[in-house]
Amino acid sequence: MTMPISKKILFYSLLSISALVVFAPALMAFVMSFMDNKDIMTGSLPQSLSIDNYVKAFEQFPLLKYLFNSLVVSVVITIGQLVLSSLAAYAFVFLEFKGRDILFFLFIATMMVPFEASIIPNFHIIRDLDWIDKYPGLTVPFFATAFGTFLLRQNFKQIPKELREASQIVGMGDFKFYLKVVLPVAKTSLVTLGAYGFLTSWNMYLWPLLSTTNDTVRTVQIGLKQLQTQEQLNDWGVIMSGAIIVIIPTLILLFLGQKQLQKGLTEGAIK
């Protein structure tokens, strides 16, 4: 049954208005990144547009170093989550052991514990391990994720148990079955989890702020905050240019993996 033309026009008009409302802050930040601070503070239309704010953003703080640190942290966390979540999901689906279901429910129950409740224990752990101002301190606490394990477990459950039994008959071990059969089948869910883990890690602010004391391994979110000051008037053009630079990697990731993400979310909703 096709939608009437009038309803279709109304539907797409509402979608366009909603998209404009959602995108308006990002569009405003993009325009402000090319404006002079005087025009921004007075709220007047820009007299001219230039890239001076972007040049200042790179000059005022080590933006490239912060971007590199964020990239390293996000990639390491993403890889760690994919490896541990897929292995845990495989164990909960294909390995038989006593108390498996109870252990899984307890594992999933940790999703109800807010991250803020685990900050102090995690901080004491990385301090005792001498991981302050080091990449392990920024990444290892986020390797285990109940959400990722749940997502992949639901996908792995679609693989017939007969396939696992057939692999055992031909002498294929668990690890080989995991690599050759399970991971290729769950490629869409792995891409979805990887994109989610990367975006979440890239936008972290509180944990990098607590676990670093200098600029050695600080991430770009901390650096972006350093552009703001309470002692003098903020240069909002430079701040907006820094924000635009920070979101470029996430936009690239979303554009490249859009089809896989949509497919993964659709499959997750069906399951």
Please list, one pair per line, the donor and acceptor atoms closer than 3.5 Å that link side chains of residues 105-121 to other protein atoms, with sequence neighbours excluded.
| residue | atom | partner | partner atom | Å |
| --- | --- | --- | --- | --- |
| T110 | OG1 | F107 | O | 2.5 |
| S118 | OG | F115 | O | 2.9 |

* Kindly give the heavy-atom pair with the smallest separation between M35 and V31, and that separation in Å. => CG-O, 3.3 Å
* Asked: Under 4.5 Å between any side-chain heavy atoms of T219 and Y205, yes or no?
  -> no
* Can you name the nearest heavy-atom pair linking F58 to L64, along with the distance? -> CE2-CD2, 3.7 Å
* Asked: Do V185 and F156 come close enough that some side-chain heavy atom pair is under 4.5 Å?
  -> no
* Flag side-chain contact, heavy atom, 4.5 Å: W207 against P141 -> yes
* Asked: So, do Q154 and V93 sit near enough that their side-chain heavy atoms are less than 4.5 Å apart?
  -> no
* **L15 side chain near F11 side chain, heavy-atom distance below 4.5 Å** => yes
* **side-chain contact (heavy atoms from CB on, under 4.5 Å) assessment of S85 paired with L193** => CA-CA 9 Å; S85 295; L193 178 60; 4.0 Å; yes
Atom pairs and distances, side-chain donor-acceptor, residues 237-250, under 3.5 Å, sequence neighbours left out:
| residue | atom | partner | partner atom | Å |
| --- | --- | --- | --- | --- |
| S241 | OG | N53 | O | 3.2 |
| S241 | OG | G237 | O | 3.3 |
| S241 | OG | V238 | O | 2.6 |
| T250 | OG1 | I247 | O | 2.6 |

* To do: Examine L151 and L183 and state if one hydrophobic cluster contains both, with Ile, Leu, Val, Met, Phe, Trp and Tyr joined whenever side-chain heavy atoms are less than 4.5 Å apart.
  => yes
* **ring pair (Phe, Tyr, Trp, His ring centres under 6.0 Å) partners of F61, counting only residues at least two apart** => Y66
* Asked: Does the side-chain contact (heavy atoms from CB on, under 4.5 Å) test come out yes or no for Y135 and V140, once each step is laid out?
  -> CA-CA 8 Å; Y135 287 125; V140 173; over 6 Å; no
* Asked: Counting only heavy atoms not in L95, do more than 12 sit closer than 6.0 Å to its CG atom?
  -> yes
* Asked: Looking only at heavy atoms, what is the nearest atom pair of S211 and I126, with distance?
  -> CB-CD1, 3.7 Å
* Structure fact -> ring pair (Phe, Tyr, Trp, His ring centres under 6.0 Å) filter on F30, not counting sequence neighbours, yields F34
* Which atom of T149 lies closest to which atom of A89, heavy atoms considered -> O-CB, 3.8 Å
* Asked: Quick one: do F23 and M32 end up in the same hydrophobic cluster if we chain Ile, Leu, Val, Met, Phe, Trp and Tyr together by side-chain heavy atoms under 4.5 Å apart?
  -> no
* Evaluate the criterion side-chain contact (heavy atoms from CB on, under 4.5 Å) for residue pair K134 and V217; output intermediate values, then yes/no. => CA-CA 6 Å; K134 295 180 181 178; V217 294; 5.9 Å; no
* Asked: How about K225 and L209: do any of their side-chain heavy atoms sit closer than 4.5 Å?
  -> no
* To do: Work out which heavy atom in L84 is nearest to a heavy atom in A144; give both atom names and the distance.
  => CD1-N, 4.2 Å
* Asked: Backbone N or O of V83 within a donor-acceptor pair of the S86 side chain at under 3.5 Å?
  -> yes
* Please examine the side chains of T212 and T216, heavy atoms only from C-beta on, and report whether any two atoms are closer than 4.5 Å. => no
* Sequence neighbours excluded, which residues qualify as ring pair (Phe, Tyr, Trp, His ring centres under 6.0 Å) partners of W202? -> F198
* Can you hop from F142 to I79 via hydrophobic side chains spaced under 4.5 Å? -> no
* Should V75 and L190 be counted in the same cluster of Ile, Leu, Val, Met, Phe, Trp and Tyr side chains packed under 4.5 Å apart? -> yes
* Side-chain contact test, heavy atoms from C-beta onward, threshold under 4.5 Å: evaluate it for L63 versus V220 and give yes or no. => yes
* Which residue pairs pass the salt bridge (charged side-chain N to carboxylate O under 4.0 Å, His left out) test when at least one of the two sits in residues 64-86, sequence neighbours left out? -> none
* Is the number of heavy atoms from other residues, nucleotides or ligands under 6.0 Å of F150 CZ greater than 12? -> no
* Asked: Is a salt bridge present between K161 and E165, judged by a nitrogen-to-oxygen distance below 4.0 Å?
  -> no
* Asked: Looking only at heavy atoms, which two atoms of I77 and L138 are closest? And how far apart?
  -> CD1-O, 3.7 Å
